Amino acid sequence: MKYVAVFCGSGNGASDIYRAEAGRLGAEIARRGMTLVYGGANVGLMGAVADAVLEGGGRVVGVLPRFLQDREIAHRGLSELILVDSMHERKALMAERADGFVTMPGGAGTLEEFFEIFTWAQLGLHRKPCGILNANGYYDPLVAMFDHMAQEQFLQERYRGLAIVESDPAKLLDRCLAYEPPPVKTYLTEQCT
Ligand code: AMP
C-alpha cells in the first residue's frame, strides 16, 4: 500500500483528541514511506493529517474541486495539488490513485466518502482495504449500526469484514496492509472473485 487516501472532517471536532489522532496517523503514514492522498484542504482534521505527513518528510497529494478552493482553503505546502471540476471527479481521482482508504472522524462529507468506497467494495468494483480509524470511539455508533444492518439482514455477514475498524493508527495500517478481500459477486462478470 503505497498510496493511502484519508477521508476526514473539514472541522476539528469537539475534543483535541481528534487533531492529535490525525497527527499520529499522518506521522505513521510518513514513517512507512506512504504517500497521502486527500481532499487538499488546510482546515480541520484534513489540514492536521496533511501537516503531520509533511512534517514527517512524507509526500502529500491533494485533490480539490475548484469551487471549494476558497471555502475549504487550499493547502499551499503540498507535494502536489490537483484541481478538479466536481466532487465526483475528486472522489474518482482519489479512489483511482489510492491503494487503500482510511476514514477518520468527520461529518456528512466524510461518511459519504466512506460509504461510496465501501459500497464499491461490496460490488467488487475494487479490492482495496477500507479502514476506519475509530479515534475517541467516534465510530462506535457506526459499528453498532453495522451490527444492526447485519442482524436485520440488510448487510450480508461476509461484507462486514470489508470495514476494518481500529482505534490505533499503526494497528489500522498493519491490518490494511495484511487485508485479503473476501470473495464478492462482481456485477461486472456475474461471478465470484
Ligand atoms: P465533512 O466531513 O462534512 O467535514 O467533509 C469532509 C470532506 O468531505 C470535505 O472535503 C468536503 O468537501 C467533502 N464533502 C462534503 N460533502 C460531500 C459530498 N456530498 N460528497 C463527497 N464529499 C463531500
Side-chain angles (χ1 to χ4, degrees), residues 1 3-30 34-54 58 60-65 67-75 78 81-82 84 86-95 97-121 126 128-146 149 162-173 175-176:
M1 195 164 81
Y3 290 85
V4 58
V6 173
F7 303 128
C8 60
S10 53
N12 287 312
S15 163
D16 292 343
I17 296 174
Y18 297 116
R19 270 192 84 82
E21 289 301 303
R24 286 182 65 213
L25 174 65
E28 196 56 35
I29 289 171
M34 294 169 169
T35 294
L36 170 70
V37 180
Y38 87 117
N42 73 356
V43 290
L45 300 192
M46 297 174 75
V49 71
D51 287 343
V53 175
L54 292 168
V60 181
V61 179
V63 186
L64 189 68
F67 79 94
L68 279 183
Q69 223 174 334
D70 296 328
R71 196 170 135 204
E72 284 193 0
I73 313 173
H75 197 302
L78 302 180
L81 180 66
I82 303 171
V84 293
S86 68
M87 298 299 262
H88 284 128
E89 218 184 306
R90 175 201 239 179
K91 289 186 296 178
L93 192 63
M94 287 175 70
R97 285 253 179 145
D99 306 314
F101 308 93
V102 169
T103 300
M104 281 212 64
T110 302
L111 287 173
E112 197 269 354
E113 289 165 334
F114 167 75
F115 275 108
E116 183 171 73
I117 50 109
F118 181 86
T119 50
W120 287 359
H126 72 76
K128 302 172 183 179
C130 302
I132 292 180
L133 184 59
N134 191 17
N136 200 30
Y138 180 75
Y139 282 118
D140 288 350
L142 181 63
V143 172
M145 187 67 200
F146 277 129
M149 288 157 74
L162 291 173
I164 305 164
V165 186
E166 283 290 344
S167 50
D168 177 68
K171 267 196 203 148
L172 180 64
L173 292 176
R175 281 190 61 196
C176 286

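We're numbering straight along the sequence, starting at 1. Note that this is a predicted model, so its numbers are computed, not measured.
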Worksheet entry | Minimum heavy-atom distance between Gly106 and Tyr138, given as atom pair plus value | O-OH, 2.6 Å
Item to complete: May I ask you to decide if Ala98's main-chain N or O and Lys128's side chain share a donor-acceptor pair within less than 3.5 Å?
Response: yes
Discussion item. Using only atom types and a distance under 3.5 Å, with no angle test, would you say the side chain of Asp99 pairs donor to acceptor with the backbone of Tyr3?
Written reply: yes
Discussion item. Before you tell me yes or no, could you show the steps for Met87 and Glu112 under side-chain contact (heavy atoms from CB on, under 4.5 Å), namely the whole-Å CA-CA distance, both residues' side-chain angles and the distance that decides it to 0.1 Å?
Written reply: CA-CA 11 Å; Met87 298 299 262; Glu112 197 269 354; over 6 Å; no
Worksheet item: Does the Arg90 side chain pair with the main chain of Gly39, one donor and one acceptor, at a distance under 3.5 Å?
Response: yes
Discussion item. Taking the side chain as everything from C-beta on, heavy atoms only, tell me whether Ile82 gets closer than 4.5 Å to Arg97.
Written reply: yes
Response to the item:
Scanning both residues in full, the closest heavy-atom pair of Tyr18 with Ala135 reads CE2-O, 3.7 Å
Discussion item. Looking at every non-hydrogen atom in both residues, tell me the closest pair between Ala163 and Ile132 and how far apart they are.
Written reply: CB-CD1, 4.3 Å
Worksheet item: Can you say whether the rings of His75 and Tyr38 are parallel (under 30°), tilted (30 to 60°) or perpendicular (over 60°)?
Response: perpendicular
Practice prompt. Check the pair Leu78, Leu54 against side-chain contact (heavy atoms from CB on, under 4.5 Å), reporting the backbone distance first and the verdict last.
Written response: CA-CA 8 Å; Leu78 302 180; Leu54 292 168; 4.3 Å; yes
Worksheet item: Has the side chain of Asp168 got a donor or acceptor atom that lies under 3.5 Å from a matching backbone atom of Leu172?
Response: no
Worksheet item: Should Glu113 and Phe101 count as side-chain neighbours, where that means a heavy-atom distance under 4.5 Å?
Response: no
Response to the item:
When every non-hydrogen atom of Ala22 is compared with those of Ala48, the smallest separation belongs to CB-CB, 3.9 Å
Worksheet item: Under 4.5 Å between any side-chain heavy atoms of Gln69 and Leu64, yes or no?
Response: yes
Discussion item. Does any part of the side chain of Cys8, heavy atoms only, come nearer than 4.5 Å to the side chain of Val49, both counted from C-beta?
Written reply: yes
Worksheet entry | Atom of Cys130, atom of Ile117 and distance for their closest heavy-atom approach | SG-CD1, 3.4 Å
Worksheet item: Tell me, do Ile29 and Val6 make a side-chain contact under 4.5 Å, heavy atoms counted?
Response: yes
Worksheet entry | Sidechain-backbone polar pair: Tyr139 side chain, Ser167 backbone, donor-acceptor under 3.5 Å | no
Fill in: Side-chain donor/acceptor of His126 to backbone N/O of Trp120, under 3.5 Å
no
Fill in: N/O donor-acceptor pair under 3.5 Å between Arg19 side chain and Leu45 backbone
no
Item to complete: Using a 4.5 Å cut-off on heavy atoms from C-beta on, say whether the side chain of Leu93 contacts that of Val37.
Response: no
Worksheet item: Run the side-chain contact (heavy atoms from CB on, under 4.5 Å) check on Arg24 and Glu28 step by step: do they pass?
Response: CA-CA 6 Å; Arg24 286 182 65 213; Glu28 196 56 35; over 6 Å; no
Worksheet item: Of all heavy-atom pairs between Cys176 and Met1, which one has the smallest distance, and what is that distance?
Response: CB-CE, 3.8 Å
Worksheet, complete the sentence: Rounding to 0.5 Å, atoms CG (Asn134) and CD (Glu21) come to a distance of 10.5 Å
Worksheet item: Hey, would you say the Phe118 and Phe146 ring centroids sit under 6.0 Å apart?
Response: yes
Worksheet item: Once you round to the nearest 0.5 Å, how far does CG of Leu111 lie from OG1 of Thr103?
Response: 8.0 Å
Item to complete: Drop me the distance from Lys171's NZ to Ile164's CD1, to the nearest 0.5 angstrom.
Response: 14.5 Å
